[in-house]
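Throughout, a chain's letter reflects where its sequence line sits, starting with A, and its residues are numbered from 1.
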2 protein chains.
Amino acid sequence: MTTTSPQGRTELLRPDGSPVRVLVVDDELSITELLSMALRYEGWQIRSAGDGTGAIQTARDFRPDAVVLDMMLPDMDGLTVLGRLRRELPDVPVLFLTAKDAVEDRIAGLTAGGDDYVTKPFSLEEVVARLRGLIRRSGAADRRSDSVLVVGDLTLDEDSHEVSRAGEHIHLTATEFELLRFLMRNPRRVLSKAQILDRVWSYDFGGQANVVELYISYLRRKIDAGREPMIHTRRGAGYLIKPAAS
Amino acid sequence: MTTTSPQGRTELLRPDGSPVRVLVVDDELSITELLSMALRYEGWQIRSAGDGTGAIQTARDFRPDAVVLDMMLPDMDGLTVLGRLRRELPDVPVLFLTAKDAVEDRIAGLTAGGDDYVTKPFSLEEVVARLRGLIRRSGAADRRSDSVLVVGDLTLDEDSHEVSRAGEHIHLTATEFELLRFLMRNPRRVLSKAQILDRVWSYDFGGQANVVELYISYLRRKIDAGREPMIHTRRGAGYLIKPAAS
DNA sequence: CGGTGGCTGTGCGTGTTCTCATCGTCGCCG
DNA sequence: CGGCGACGATGAGAACACGCACAGCCACCG
C-alpha cells in the first residue's frame with residue numbers, strides 16, 4: 001500500500017497500514033547511524049545490530065520486512081548470518097553491503113533469490129531505492145504500488161530506468177538519473193545542496209560541492225530545454241522540482 | 001492457473017489459487033539455501049530436507065507438488081528415497097540433481113516417468129525452468145498455462161526451445177537461450193550483470209562478469225541484427241529487454 | 001580432426017564524472 | 001538607483017570507468 005503524505009512524498013506501507021520495518025546490521029556504528037537516520041526519514045521503523053548474534057536476536061522479535069546486512073561482521077561469516085536469518089524469517093528480502101573489492105567473490109548467488117546488494121561506499125538514495133524495490137517485490141507492501149514516479153508531464157520509471165517528458169524519451173546518465181529521482185521523490189520541496197550531496201553522492205565523496213550545480217545544469221538541459229521549466233533555484237536555499245503548470 | 005504480478009512476471013499457481021509447494025532435498029546446506037531462496041522468489045512455498053529420512057517425513061505432511069532430489073544422500077540411496085517418496089506421493093514429479101560424471105543411463109531410465117534431471121553445478125534459471133515444466137505438465141497447476149514467452153515480435157518457447165523474431169526462426173546456443181529467457185521473463189526491467197550472472201550461470205562459476213557482456217553481444221547479433229533493437233544497455237546499471245515499438 | 005560452443009584476456013573508443021575557471025545574475029545596501 | 005559581493009550557471013577539458021570487439025584457447029563431440 002502507498003499513501004501520499006502532506007509533503008507530497010509517497011510512502012511504502014504494509015498491507016495493514018503500519019509502517020515498514022527494517023533491520024540494519026553493520027559493525028561500524030557510523031554506518032548504522034547513517035542508514036538508520038536515512039531510512040527513518042522514509043517513514044520506516046528501524047532497528048539495528050552490530051554483529052551476527054545481535055542480528056538474529058533482533059530479527060526474532062522485531063520481525064522486519066527487510067534486512068540490510070553487511071557481509072563483513074566481527075563474530076560470524078555473512079553467509080552464516082544469512083542462513084540463520086532465513087530460518088527465522090524465510091521470506092524476508094536482504095540487501096547486502098559489501099566492500100567494492102570483495103565483490104564478484106562470494107557474492108555469487110546472493111542476488112539470485114530476489115535479494116540485492118550495494119557496494120561500499122554507497123549513496124543513500126541507492127540504498128533506499130533498492131530497499132524499496134525489494135520490499136515492493138517481496139509483497140510485504142501492497143503489490144499495486146508501482147515503480148513510476150510522476151511530476152507533471154515528467155515520468156521516471158525506477159524499474160526500466162526510463163525517463164520521459166510529455167511522452168518524449170530522455171536519456172540520462174546514472175548520476176543524472178539518481179539526482180532526478182531524488183528531486184522527484186520530493187516534489188515542491190526545496191532541497192539544499194548539502195542534502196542532495198548527502199543523499200545522491202556516496203558518503204565518502206570528497207569532491208567539490210558544486211557538482212550539484214553542475215548536474216542540475218545537465219538535468220535542465222535535458223528536461224527543461226525549450227519547455228516550461230520544472231527545476232527551480234531558490235537562491236541561498238537549494239533547488240526544487242514542481243509541475244510546469246502551477 | 002497463472003497470474004501476472006504487477007511486475008509483469010507470470011506466476012504458477014495451483015488450481016485452487018494457492019501457491020505451488022516444492023520440497024528440496026540435498027545434504028549440502030548451501031545448495032538447499034540457494035535453491036530455497038531462488039524458488040521462494042518464484043512465489044512458491046518451499047520446505048527442505050538434508051537426508052532421505054527427513055525427506056520422506058517432510059513429504060508426508062507437506063504434500064509438495066514437486067520435489068527436487070539430490071541423488072547422493074548420506075543416509076540412503078537415491079533410488080530408495082525415490083521409491084519411498086513414490087509410496088507417499090504417487091504422482092508428484094521429481095527433479096533429480098546429479099553430479100556431472102554420474103552414470104547418466106541410470107538417470108535416463110528414471111526420467112521416463114515424466115521426471116527430469118539437471119547436473120551439478122546447475123544454473124538457477126535451469127532448475128526453475130525445469131521445475132516449472134514439470135509442475136505444468138503434472139497438472140498440479142493449470143494445464144492451459146503455456147510455455148511461450150512473448151516480448152514484442154520476439155517469441156521464445158520454453159518447451160521446444162524455439163526462438164523467433166517477426167516469424168523468422170533464430171538459432172541460439174544453450175547459454176544464449178538461457179540468457180534470453182531470463183531477460184524475457186523480466187521485460188522492461190533493468191537487470192544487473194551480477195543478477196544475470198547469478199541466475200544464468202552455474203553457481204560455481206568463478207569467472208569475470210564480462211562473459212555477460214559477451215553473450216549480450218552474441219544475442220544482439222542474432223536478435224537485433226538489422227532490426228529495431230530490443231536489448232538495451234543502461235550504462236552503470238545493467239541490461240533490459242523491451243518491445244521495439246515503445 | 002574439424003566444428004561448435006563456452007570462456008578468458010586485452011586493448012580501444014567513448015561516455016561519464018568531476019575539477020577548474022570564467023561568466024552571468026541576483027539581491028542587498030549604501 | 002547604481003555598484004558590489006555572493007551565489008549560481010556554464011564551458012572546457014582531464015581523468016577515469018565502462019562496455020564492447022576481437023582474437024585466441026580449451027573442451028567436447030561427431
Side-chain angles (χ1 to χ4, degrees), chain A residues 100-101 103-104 108 119 121-123 125-126 161 163 170-180 183 190-197 200-202 204-226 229-241, chain B residues 100-101 104 119 121-123 125-126 161 163 170-180 183 190-197 200-225 229 231-240:
Chain A
K100 180 91 160 214
D101 48 3
V103 193
E104 321 288 354
T119 58
F122 47 78
S123 82
E125 265 304 285
E126 201 182 341
H161 281 218
V163 174
I170 295 171
H171 171 80
L172 298 185
T173 71
T175 310
E176 289 163 2
F177 179 83
E178 295 259 308
L179 172 56
L180 181 60
L183 292 174
V190 176
L191 301 166
S192 74
K193 279 183 264 191
Q195 275 180 305
I196 294 175
L197 211 50
V200 175
W201 272 260
S202 357
D204 72 336
F205 178 77
Q208 306 299 313
N210 83 341
V211 275
V212 177
E213 294 162 14
L214 183 64
Y215 274 87
I216 288 284
S217 131
Y218 288 160
L219 272 188
R220 287 214 249 239
R221 258 178 244 176
K222 294 182 177 179
I223 286 169
D224 287 345
M230 295 182 64
I231 300 174
H232 304 269
T233 306
R234 288 282 176 274
R235 201 158 236 265
Y239 301 95
L240 84 164
I241 199 169
Chain B
K100 178 84 150 248
D101 50 1
E104 303 227 344
T119 58
F122 48 79
S123 82
E125 267 303 286
E126 199 182 343
H161 279 220
V163 175
I170 295 171
H171 171 78
L172 297 185
T173 70
T175 311
E176 289 162 1
F177 179 83
E178 296 256 310
L179 172 56
L180 181 60
L183 291 174
V190 175
L191 301 166
S192 73
K193 279 181 258 192
Q195 279 177 304
I196 295 174
L197 216 47
V200 175
W201 271 260
S202 8
Y203 55 80
D204 72 336
F205 180 78
Q208 297 305 308
N210 86 348
V211 275
V212 177
E213 296 162 14
L214 184 64
Y215 275 86
I216 288 283
S217 98
Y218 290 159
L219 272 188
R220 286 214 249 240
R221 268 176 230 172
K222 294 183 176 178
I223 287 170
D224 286 345
I231 300 174
H232 303 267
T233 305
R234 290 279 177 274
R235 203 161 228 266
Y239 299 94
L240 84 163

Item to check | Check against side-chain contact (heavy atoms from CB on, under 4.5 Å), B/Val200 and B/Val212 | outcome: CA-CA 9 Å; B/Val200 175; B/Val212 177; over 6 Å; no
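At a threshold of 4.5 Å between non-hydrogen side-chain atoms, the residues B/Leu172 and B/Leu179 do not count as touching.
Residue B/His171 is the one, among B/His171 and B/Val211, whose nearest nucleotide of DNA chain C lies closer to the 5' end (criterion: closest heavy atom).
Rounded to whole angstrom, the span from the CD atom of A/Glu176 across to the P atom of C/dG15 amounts to 13 Å. Going from atom CZ of B/Phe177 over to atom P of C/dG5 covers 15 Å, rounded to whole Å. Atom CG of A/Asp204 and atom P of C/dT17 are 16 Å apart (whole Å). In this structure, A/Leu179 atom CG and C/dC18 atom C1' are separated by 14 Å, rounded to whole Å. Put simply, CG on A/Leu172 is 13 Å from C1' on C/dT16, counting in whole angstrom units. Summarising the geometry, the separation between CZ on A/Phe205 and P on C/dT16 is reported as 18 Å, rounded to the nearest angstrom.
Tested against A/Leu219 for a side chain to side chain contact (heavy atoms under 4.5 Å, CB included), the candidates A/Thr175, A/Val163, A/Ile231 yield a single pass: A/Ile231.
In this pair, A/His161 and A/Phe177 present their aromatic rings parallel. The plane angle is below 30°, not in the 30 to 60° band. The aromatic rings of B/Phe205 and B/Trp201 sit tilted, their planes meeting at an angle between 30° and 60°.
Here A/Trp201 does not reach the OP1 or OP2 of C/dT17: none of its side-chain N or O atoms lies under 4.0 Å away. At the phosphate of C/dG6, OP1 or OP2 sits under 4.0 Å from a side-chain N or O atom of B/Thr173.
Within the structure, salt bridge (Lys or Arg N to Asp or Glu O under 4.0 Å) pairs that include any residue of residues 211-222 of chain A comprise A/Glu176-A/Lys222, A/Lys193-A/Glu213 (at least two apart or interchain).
Shown here are the side chain to side chain contact (heavy atoms under 4.5 Å, CB included) partners of A/Ala209, two or more places apart in sequence or in another chain: A/Leu197. Take B/Ser123 and apply the side-chain hydrogen bond (donor to acceptor under 3.5 Å, both in side chains) test, not counting sequence neighbours, and it matches B/Glu178. With sequence neighbours excluded, the residues satisfying side chain to side chain contact (heavy atoms under 4.5 Å, CB included) with A/Gln195 are A/Leu191, A/Ser192.
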Under 3.5 Å, which N/O atoms of the protein pair with N/O atoms of nucleotides 26-29 of chain D?
none

Item to check | Sugar-phosphate or base contact per nucleotide [nucleotides 4-19 of chain D; S, B, -; heavy atom under 4.0 Å] | outcome: ---BSBBS------BS
